[in-house]
Amino acid sequence: MKFRFLFPFLCLTIPGVAQPAKPLAVPLVNQVGYNRGEAKRFVCYEATDGTPFQVIRQADKAVVFKGAIRNRAGDFSAFNPGNGQEEYIITVQGREPSVPFRIADHLIEGISSKLAYDFFVDVRGSDDPVHANEAKVYGGGPSRDQGSYGLETTFEALFYASNPALFDRWTTELGDKKTADLIDLILWHGEFAYHHVDFNGPVANRHGSLGYEGQPRMNYDYWNTLDQLAAVCAGYQSFLKPYLPRETYLKYRDECRKRWQAYDRHKVVRHWTYSTKWVDEGYQEFNEMGNAFGQSVFSNLYMYLSEKEEADGKPDQYLRWAQEGAEDIIKNWDFNNPRHMWWIRNAEHITPQALAFFLLVAPDKVPKGTREKLMAWRDHMKQKTANFWQYRVHSDTEWAHPRTKELGGAPALGGSMFAVAHLLGDRQLRDIGWSQVNFVFGLNPVGAHLSNKSAERLAINGYWEGVEHGWPRSHPNGYGMLGKVRGTLDGTPLDGQFPRPGTTPVADKPADGQGDHIGQNAYATEGWAISNRGWMATLTFAPLGTQKIRILDASGKKALTTAKTGQAIKLELTAALNLDPAKKETGWVLVATDANPPAKVFVEETAPDSGVFTAAYAVPAGKKITVSYGYWGLGVQEQLSVK
């Protein structure tokens, strides 16, 4: 398909200069579509306030929604059709229509979740977590083009905890080959971390040196291996026991307990690396190299969750260290200091998500001021996204970086907004979070998904179904060799490419011999593993507030709080498990009686595309049953008293 929408705003005129006639800008949408029941926006930069728009159903050309453009954007959030297979377009008089899109139950999570972890399968530096050849992997890490600061297990474990039954869909994709599913991938990264917990050998060239200022430098960021092992230890107590032998878990736990303070995992770390890259040259208070503001909160909470389940555990010390890390954030996190915010790019998302995780997993143990700090961050983000893109800008004069990609921005920011919005009950912030997702899927000045739609990725099912226009450039053969990696993100618009009042966007020029679908100014370096980590975090927190469990009578009409032993009841789950609107699908919930371990009860979708899953159940003997889905405060649960 011809890439006709590339840089759709270059029809802007320069005052005083005669311009040839050019087509008007088209409405820009999320090319895949929108989640039913969530915010839905498009941008049409040149359209004046009051310009009417229509949503047209492709199948019969019927007008199904009408509205008017305000501040260069149109909102059709109120349109929530029941058929998730239908396609729609946006029309504005005198312009070409938008690309087609769908509106379906949890559409974005369904279309993206597998690719989100497929990326981390493909980008591993070796198939062998034990005998990896670090010297041949740039940065020496488990993922190409980074060391252990990628914190893969930290966020893979969160991803699984948020929607566990979803990942059952793909466990047999590669037969007996490991890392076919998310559980295998988590275990692979845990094993890598364990075997590199004291590795400090030679690795390929790095942009920066590692260690405190004035102290001996390290070749490898081995301290971050403990953060990864901590996540596996917490996962063992919640969902990894069927897959992780206890003796292996105990080896991981022992390494964490032995080295925790020696590796400074008990505190917030500052001035850890010195960078020679122009974008963040010099000593950094916080950066991407494993000393993110909030990282210690995550790792200490993971150890707390693990230790409190062990007879000889010391959960209180890890809880206190987590509290001290949170107190540091509450006191010192400065939204107006770019070194705490967008300057640290891919690590920025960790700070708000760490405070949010504390509130989710141990709300009665958070330090005073935790919620208030997130409220202040929320207010700051609303100020910075007060533009028609709802894009977080740096300042009034610089919207995005003028020279480099910002893949740590919009792809990760949505997750932070989803988490904080859920905790604060702020629907407006959640809506702004969906604008960050839309930005990834083409609602941006380039009109393209942030991933290059290459033939290589299409051939390995490594691209998002329904995206017409991918990022016009890629850099496939850099240090990470990400050209054939599924789900890679490649670039974002530069500052000069954002049209705004009083400016003219930088024109894009077709590269010689490449046709009109490749632009010289659509900046792209190769993607990076921690850029994709932030995108995975967005998908992790997106379902928050949309999942629900109900315990009903046998007819499914009345909610129950009490029942008798042996009584027939119905368990109902609403979750992001509806991938195929054409068929009934399955999932599961956990049911625990009194203090007994929970057992899986499988549920089936009530009808194709309903997104509601039920199971008949007989109340067991006991005093109380607890029905749950998800872990660590990322899921939902309901209780029933038994007579």
Side-chain angles (χ1 to χ4, degrees), residues 4-15 19 21-31 33-34 38-56 65-79 88-99 101 381-400 406 409-410 413-414 417 428-429 431-450 469 492-508 522:
R4 57 177 177 163
F5 299 146
L6 184 61
F7 292 94
F9 302 114
L10 301 187
C11 45
L12 298 178
T13 58
I14 302 174
Q19 300 290 317
K22 294 181 179 179
L24 294 173
V26 302
L28 286 175
V29 298
N30 181 318
Q31 296 179 61
Y34 304 83
E38 302 286 2
K40 305 172 192 68
R41 299 176 78 249
F42 70 91
V43 165
C44 194
Y45 178 77
E46 291 180 318
T48 58
D49 278 4
T51 300
F53 71 85
Q54 298 178 329
V55 180
I56 308 292
F65 187 88
K66 295 181 179 180
I69 289 174
R70 296 285 184 271
N71 189 27
R72 308 178 190 274
D75 190 297
F76 54 107
S77 301
F79 180 54
Y88 305 88
I89 59 171
I90 300 290
T91 63
V92 177
Q93 187 174 5
R95 304 167 191 273
E96 291 191 58
S98 73
V99 297
F101 56 87
M381 283 296 151
K382 287 184 178 181
Q383 293 172 358
K384 291 298 184 182
T385 55
N387 55 75
F388 53 88
W389 301 105
Q390 295 191 341
Y391 177 79
R392 193 279 303 273
V393 302
H394 296 172
S395 68
D396 292 339
T397 56
E398 180 182 286
W399 281 29
E406 292 192 348
L413 184 58
M417 290 180 168
Q428 182 188 23
L429 183 65
D431 292 350
I432 298 171
W434 282 112
S435 289
Q436 314 313 305
V437 174
N438 295 340
F439 195 90
V440 173
F441 280 86
L443 211 170
N444 59 60
V446 181
H449 191 289
L450 302 187
H469 309 312
T492 58
L494 302 179
D495 184 63
Q497 292 165 336
F498 278 87
R500 49 195 186 265
T503 70
T504 300
V506 176
D508 190 73

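Excluded from the calculations below are hydrogen atoms, water molecules and symmetry mates; all remaining heavy atoms, backbone and side chain alike, are included. We number each residue from 1, following the sequence as shown. What you are looking at is a predicted structure, and each value in this text was computed from that prediction instead of being measured.
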Task: Those residues that, when tested against Thr48, pass side-chain contact (heavy atoms from CB on, under 4.5 Å) (two or more places apart) - done: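 Thr48 satisfies side-chain contact (heavy atoms from CB on, under 4.5 Å) with Thr51 only.
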Open item on the list: Counting the benzene-type ring for Trp, do Tyr88 and Phe53 have ring centres under 6.0 Å apart?
Closed with: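 No, the ring centres sit 6.0 Å or more apart.
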TODO: Please check if the side chain of Asn438 supplies one atom and the backbone of Leu443 the other of a donor-acceptor pair under 3.5 Å.
DONE: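 No, the answer is negative, given that no donor and acceptor are paired below the 3.5 Å cut-off.
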Task: Residue pair Pro499 / Pro445: nearest heavy atoms and the distance that separates them - done: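 That would be CD-CB, 3.9 Å.
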TODO: Specify the closest pair of heavy atoms between Ile69 and Ala47, including all atoms of both residues, with the distance to one decimal.
DONE: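 For Ile69 versus Ala47, the nearest heavy atoms are CD1-CB, 3.4 Å.
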Task: Shortest non-hydrogen separation from Val99 to Val29 and the atoms involved - done: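 So the minimum-distance heavy-atom pair works out to CG2-CG2, 3.7 Å.
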TODO: Go through the structure and list residues passing side-chain contact (heavy atoms from CB on, under 4.5 Å) with Asn71, not counting sequence neighbours.
DONE: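 Here the qualifying residues are Phe388.
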Task: Contacts of type side-chain hydrogen bond (donor to acceptor under 3.5 Å, both in side chains), residue Gln54, not counting sequence neighbours - done: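 Listed in chain order: nothing, the list is empty.
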Open item on the list: Whether the side chain of Gln31 engages the backbone of His469 through a donor-acceptor N/O pair (distance < 3.5 Å, no angle test) should be reported.
Closed with: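 Yes, the answer is positive, given that a donor and an acceptor are paired below the 3.5 Å cut-off.
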Task: Any pair counted as salt bridge (Lys or Arg N to Asp or Glu O under 4.0 Å), so long as it reaches residues 431-447, sequence neighbours left out - done: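 The answer is Arg427-Asp431.
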Open item on the list: Checking Tyr391 now: which residues fulfil ring pair (Phe, Tyr, Trp, His ring centres under 6.0 Å) with it, not counting sequence neighbours?
Closed with: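 Ring pair (Phe, Tyr, Trp, His ring centres under 6.0 Å) list for Tyr391, sorted by chain: Phe439, Phe498.
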TODO: Provide the full list of salt bridge (Lys or Arg N to Asp or Glu O under 4.0 Å) pairs with a residue in residues 383-394, sequence neighbours left out, each pair given once.
DONE: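 Only Glu348-Arg392 qualify under salt bridge (Lys or Arg N to Asp or Glu O under 4.0 Å).
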Open item on the list: Can you confirm whether Asp396 is buried at CG, in the sense that more than 12 heavy atoms of other residues, nucleotides or ligands lie under 6.0 Å from that atom?
Closed with: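 12 or below, so no.
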- [ ] Hey, could you give me the CZ/NZ distance between Phe79 and Lys40, rounded to the nearest 0.5 Å?
- [x]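 Reported to 0.5 Å precision, the distance equals 8.5 Å.
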- [ ] Taking side-chain hydrogen bond (donor to acceptor under 3.5 Å, both in side chains) as the test, write out the residues that go with Thr385, two or more places apart.
- [x]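 Testing Thr385 for side-chain hydrogen bond (donor to acceptor under 3.5 Å, both in side chains), a comparison that skips the adjacent residues, returns none.
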Open item on the list: Taking Glu46 first and then Arg72, would you say they form a salt bridge - that is, a charged N and a carboxylate O separated by under 4.0 Å?
Closed with: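 Looking at Glu46 and Arg72, the cut-off is not met.
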Open item on the list: Going by the rule salt bridge (charged side-chain N to carboxylate O under 4.0 Å, His left out), which residues pair with Arg41 if we only count those two or more places apart in sequence or in a different chain?
Closed with: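 Listed in chain order: nothing, the list is empty.
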Task: For the student: nearest non-hydrogen atoms of Ala25 and Cys44, plus distance - done: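 What the structure gives for the nearest pair is O-SG, 3.8 Å.
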Task: Least distance between heavy atoms, Pro52 atom then Val92 atom - done: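 Taking Pro52 first and Val92 second, the nearest heavy atoms are O-CG1, 4.0 Å.
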Open item on the list: According to salt bridge (charged side-chain N to carboxylate O under 4.0 Å, His left out), who are the partners of Asp75, at least two apart in sequence or on a separate chain?
Closed with: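 Expected list: none.
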Task: Set of side-chain contact (heavy atoms from CB on, under 4.5 Å) partners for Gln428, sequence neighbours left out - done: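 Expected list: Lys382, Asp426, Ile432.
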TODO: Applying side-chain hydrogen bond (donor to acceptor under 3.5 Å, both in side chains), name anything that partners Tyr34, two or more places apart in sequence or on another chain.
DONE: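 side-chain hydrogen bond (donor to acceptor under 3.5 Å, both in side chains) check on Tyr34 returns nothing, list empty.
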Task: For Gln436, all residues meeting side-chain hydrogen bond (donor to acceptor under 3.5 Å, both in side chains), sequence neighbours excluded - done: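 For Gln436 there are no side-chain hydrogen bond (donor to acceptor under 3.5 Å, both in side chains) partners, ignoring immediate neighbours.
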Task: Pro97 versus Pro27, closest heavy-atom pair with distance - done: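 Heavy atoms of Pro97 and Pro27 come nearest at C-CD, 4.3 Å.
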